[in-house]
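Each remark here refers to the structure printed beneath this line.
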Amino acid sequence: MSVLRSAALFVVAALFEIGGAWLVWQGVREHRGWLWAAGGVLALGAYGFVATFQPDAHFGRILAAYGGIFVAGSLLWGAVADGYRPDRWDVTGALVCLAGMAVIMWAPRNGG
C-alpha cells in the first residue's frame, strides 16, 4: 500500500474520530441531544473500522500514529467548527505530532 493511500486513510479516520468526539461533546455538553451523541458513537466506531485498513498490522503503531493525527486534526477542527484560535505553540506542537506520526508509520524498517 502506498504512503498516499495510507495518508488518505488517516484523513478519513481522523474525520470519523474527531467528528465523533465532537458530536458526543455537542450532544452531551452543549445539550443538543442524545441523537448527536449517538451519531458520535457510531462515527467513533467507524474510525476503528477504517483504522484496520492501514498496511501495518501492529495495533500499537497504528494507534500511536493516529494520536499525532488526532492532535493536529483536533486543533484544525476546533478552529473551523468552534472558532478556536490556536497560538504558535499549538501549531508547533501539532507539527511535531505530525512529524512523529510520519516517522512511526513510514520510516524504513528492516524486516517489516
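For clarity, every value in this text was computed on a predicted model and none was experimentally measured.
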**Prompt:** Below 4.5 Å, heavy atoms only, C-beta onward: do Gln54 and Arg61 meet side chain to side chain?
**Reply:**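 They are not in contact (no side-chain heavy atoms under 4.5 Å apart), so the answer is no.
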**Prompt:** Is any side-chain heavy atom of Arg29 less than 4.5 Å from a side-chain heavy atom of Val24?
**Reply:**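 SC-SC contact between Arg29 and Val24 ruled out.
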Quick check: is [Y] connected to [X] through a chain of hydrophobic side chains (ILVMFWY, heavy atoms under 4.5 Å apart)?
X	Y	answer
Met105	Val11	no
Val3	Ile69	yes
Phe70	Leu76	no
Trp22	Val28	no
Trp77	Val71	no

**Message:** For the CG atom of Leu23 and the CG atom of Leu35, what is their distance to the nearest 0.5 Å?
**Reply:**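 Output value for this atom pair is 11.0 Å.
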**Asked** For Leu75, which fellow cluster members are found when Ile, Leu, Val, Met, Phe, Trp and Tyr are connected by side-chain heavy-atom distances below 4.5 angstrom, either directly or through intermediates?
**Response**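 Tyr84, all in the cluster of Leu75.
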How far apart are the closest heavy atoms of [X] and [Y], and which atoms are they?
X	Y	answer
Ala43	Phe16	O-CB, 3.4 Å
Tyr66	Glu17	O-OE1, 4.3 Å
Ala65	Ile104	CB-CG2, 4.1 Å
Pro86	Val91	CB-CG2, 4.3 Å

Show me the side-chain donor-acceptor pairs of residues 92-101 shorter than 3.5 Å, one per line, residues at least two apart or across chains.
unit_1	atom_1	unit_2	atom_2	d
Thr92	OG1	Arg88	O	2.7

**Request:** Quick one: which residue pairs count as a side chain to side chain donor-acceptor pair (under 3.5 Å) with a foot in residues 32-50, not counting sequence neighbours?
**Result:**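 Qualifying pairs, neighbours excluded: Gln26-Arg32.
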